[in-house]
Amino acid sequence: MSVCENWAVIFTYLFLGTCITAYKPVVIIHGVLSGNITMLPMAERIKQAHPGTKVYVTDKFAGFSSLTPMWHQIQEMGEDLMKISADHPEGINLIGYSQGGLIARGILEQFPNHVVDTFISLSSPQAGQYGTKFLHLFFPGMVCHTAYELFYSSIGQHTSIGNYWNDPHHQGLYRNYSRFLPYINNEVLSSQSNTYKYGITKLRKLILIGGPDDGVITPWQSSHFGYFDDNEEVVELRGRKAYVLDKFGLKTLDKRGRLTLIELSGVSHYDWHTNKTVIDKYIVPFLS
Ligand SMILES: *[C@@H]1O[C@H](CO)[C@@H](O)[C@H](O)[C@H]1NC(C)=O
Ligand SMILES: *[C@@H]1O[C@H](CO)[C@@H](O)[C@H](O)[C@H]1NC(C)=O
Ligand SMILES: *[C@@H]1O[C@H](CO)[C@@H](O)[C@H](O)[C@H]1NC(C)=O
């Protein structure tokens, strides 16, 4: 081997070494009525594509305990995320699937000292949920238009899903009773409102993934922060008050080119986190 080739080998080692250590750790939060097991294939896929990546899959609130109120889950998982942050001051990336994406957003707002660089929200009801398919997963006999009677009560608020039930026909009750969604959206102002916004605007990238064949998130545009108006017509993200008034930083991110909306058809709600095309083409490339 010539001297020149030797140098090429050494250079390659150094270069790969740099690449391997360069991927930021990834934290993954699972959806409702599931647990860490469901997210392990995604974790493996990320490690295959980006060797050396540390991937943390939360083992908290699996199965029925995923119905624990949102703030409680956010507090516990947020403390874990802050411990990981402390170990990785260079930054981490965060992925939340379904309800897990809403928990993730709550963590970013409630723990504004986080070091999250990129947050990927994978088919999460970020603007809330108002649909029969979703409702019947938990309450098979319940009717969508009367569900508010349960959810907008102190008992109904003891479940995570009540915390982000957003009935477009009962917005007054929603604001008065919901203890979670109107707060993190800064629809109801609190002493925390500025902090909440700061936790979002400091992100380098916010990626929102969803699509029309989801079948569970209703309206599916909620995964992009779109939502029903009081005629049940969908208002897209950029037409909504939350965006126009920049209530919690979406417009700020968008103006800085930090917000990416991805719409994919042909993916059902139960397939997003295992679909290899979705992971390889729309998740992995954002994890640097
Ligand atoms: C998954 O979570 C359970 C607790 O819910 C835990 O006992 C187990 O070690 C976790 N497995 C992995 C691979 O993280
Ligand atoms: C919400 O609370 C306010 C203040 O207590 C009250 O005036 C209003 O009537 C309530 N709205 C509904 C729909 O309950
Ligand atoms: C996987 O995702 C692609 C879109 O990115 C979609 O066309 C395909 O139908 C999906 N497959 C499954 C099994 O969900």
Side-chain angles (χ1 to χ4, degrees), residues 24-29 56 58 60 69-97 99-122 124-128 160 163-164 166 174-175 178-209 222-227 237-262 286-288:
K24 292 187 178 65
V26 177
V27 175
I28 301 179
I29 302 179
Y56 299 85
T58 185
K60 297 264 167 80
M70 294 294 276
W71 282 123
H72 183 158
Q73 298 195 51
I74 286 166
Q75 193 59 35
E76 279 197 28
M77 292 191 205
E79 284 166 12
D80 291 344
L81 184 121
M82 292 310 285
K83 282 184 202 140
I84 298 168
S85 292
D87 290 340
H88 301 283
E90 74 277 15
I92 61 179
N93 294 317
L94 177 61
I95 301 172
Y97 165 52
Q99 176 179 286
L102 203 44
I103 291 172
R105 173 160 71 102
I107 291 172
L108 296 173
E109 297 190 19
Q110 183 72 357
F111 294 84
N113 295 328
H114 68 75
V115 297
V116 175
D117 177 273
T118 297
F119 166 40
I120 301 176
S121 166
L122 184 60
S124 298
Q126 292 290 354
S160 61
N163 292 155
Y164 52 89
N166 188 354
Y174 160 76
R175 277 191 294 272
S178 178
R179 293 186 191 151
F180 175 66
L181 194 59
Y183 288 88
I184 64 163
N185 286 346
N186 284 340
E187 291 169 82
V188 174
L189 295 178
S190 70
S191 58
Q192 293 285 92
S193 294
N194 287 333
T195 309
Y196 290 163
K197 187 170 178 177
Y198 173 69
I200 297 296
T201 51
K202 74 186 280 197
L203 289 171
R204 192 180 60 83
K205 264 289 190 188
L206 171 57
I207 316 294
L208 303 171
I209 304 176
S222 181
S223 57
H224 287 171
F225 283 100
Y227 210 67
L237 162 75
R238 294 184 182 88
R240 294 192 66 224
K241 210 165 132 185
Y243 177 92
V244 174
L245 301 178
D246 202 22
K247 287 283 198 180
F248 55 98
L250 293 176
K251 192 174 179 180
T252 300
L253 290 177
D254 198 23
K255 296 293 169 204
R256 293 178 186 163
R258 296 178 177 196
L259 176 64
T260 302
L261 270 59
I262 296 171
F286 293 108
L287 304 173
S288 55

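Note that the numbering runs from 1 along the sequence shown for the chain. None of the values given here were measured: they were computed from a predicted structure. Only heavy atoms go into these numbers, but all of them, side chains included; no hydrogens, no water, no symmetry mates.
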Nearest heavy-atom neighbours spanning Met77 and Lys60: CE-O, 4.0 Å
Glu79 side, atom CD; Ile107 side, atom CD1 - distance, nearest 0.5 Å: 10.0 Å
Regarding Glu109 and Arg105, does a basic nitrogen lie under 4.0 Å from an acidic carboxylate oxygen? yes
Donor-acceptor contact below 3.5 Å, side chain Ser190 vs main chain Gln192: yes
Does any part of the side chain of Pro182, heavy atoms only, come nearer than 4.5 Å to the side chain of Tyr174, both counted from C-beta? yes
Any donor and acceptor pair, going by atom type alone, linking the side chain of Ser124 with main-chain N or O of Tyr97 inside 3.5 Å? no
Between Arg179 and Val188, is there a side-chain heavy-atom distance shorter than 4.5 Å? no
Taking every non-hydrogen atom, the tightest pair across Phe119 and Gly96: CE1-N, 4.2 Å
Tell me yes or no: between the side chains of Asp254 and Tyr243, is some donor less than 3.5 Å from an acceptor? yes
Which distance, rounded to the nearest 0.5 Å, do you find between the NE2 of His224 and the CZ of Arg238? 10.0 Å
State, to 0.1 Å, how close Leu181 and Gly128 come at their nearest heavy-atom pair, and which atoms those are. CD2-CA, 3.5 Å
Looking at every heavy atom in both Glu90 and Pro25, which two are closest together, and how far apart are they? OE2-CD, 4.0 Å
Begin with the C-alpha distance, continue with both residues' side-chain angles, and end with the deciding distance and a verdict on side chain to side chain contact (heavy atoms under 4.5 Å, CB included) for Ile92 and Tyr56. CA-CA 10 Å; Ile92 61 179; Tyr56 299 85; over 6 Å; no
Where do Thr201 and Asp246 land on the side chain to side chain contact (heavy atoms under 4.5 Å, CB included) test, with the steps shown first? CA-CA 10 Å; Thr201 51; Asp246 202 22; 5.6 Å; no
Interatomic distance, Tyr183 atom OH to Leu189 atom CG [nearest 0.5 angstrom]: 10.0 Å
Would you please test Lys241 and Glu187 for side chain to side chain contact (heavy atoms under 4.5 Å, CB included) and show each step? CA-CA 9 Å; Lys241 210 165 132 185; Glu187 291 169 82; over 6 Å; no
Any idea which heavy atoms bring His114 and Gly199 closest together, and the distance? NE2-O, 2.9 Å
Would you say that more than 12 heavy atoms from the other residues, nucleotides or ligands in this model lie under 6.0 Å from the CG of Asp87, or not? yes
Assess, by modelled atom type and distance only, whether the side chains of Gln99 and Ser160 contain a donor and an acceptor separated by less than 3.5 Å. yes
Would you say the side chain of Ser121 lies within less than 4.5 Å of the side chain of Gln126, judging by non-hydrogen atoms? yes
Okay, side chain of His88, backbone of Lys24: is any donor-acceptor separation there less than 3.5 Å? no
Counting N and O atoms only, with roles assigned by atom type, does the side chain of Lys251 sit under 3.5 Å from a partner on the main chain of Val244, one being a donor and the other an acceptor? yes
Rounded at 0.5 Å granularity, tell me how far CD1 in Ile84 sits from OG1 in Thr58. 8.0 Å
Quick one: does Ile184's side chain get under 4.5 Å of Ile74's, heavy atoms only? no
Working for side chain to side chain contact (heavy atoms under 4.5 Å, CB included), residues Phe286 and Ile262: CA-CA 12 Å; Phe286 293 108; Ile262 296 171; 3.8 Å; yes
Is there a donor-acceptor contact under 3.5 Å from the side chain of Asn186 to the main chain of Phe248? no
For Arg175, enumerate each residue passing the salt bridge (charged side-chain N to carboxylate O under 4.0 Å, His left out) test, keeping only those at least two apart in sequence or located in another chain. none
For the residue pair Leu206 and Leu250, establish whether any side-chain heavy-atom pair is separated by less than 4.5 Å. yes
Answer yes or no: is there a donor N or O on one side and an acceptor on the other, between the side chain of Ser222 and the main chain of Ala127, under 3.5 Å? yes
Inter-residue atom distance Ser85.OG - Asp80.CG, 0.5 Å rounding: 10.5 Å
Rounded to the nearest 0.5 Å, how far does CG of Leu94 lie from CD1 of Ile120? 9.0 Å
Testing Thr260, Asn93, Thr118, Asp117 one by one against Lys205 for a side-chain hydrogen bond (donor to acceptor under 3.5 Å, both in side chains), which residue passes? Thr260
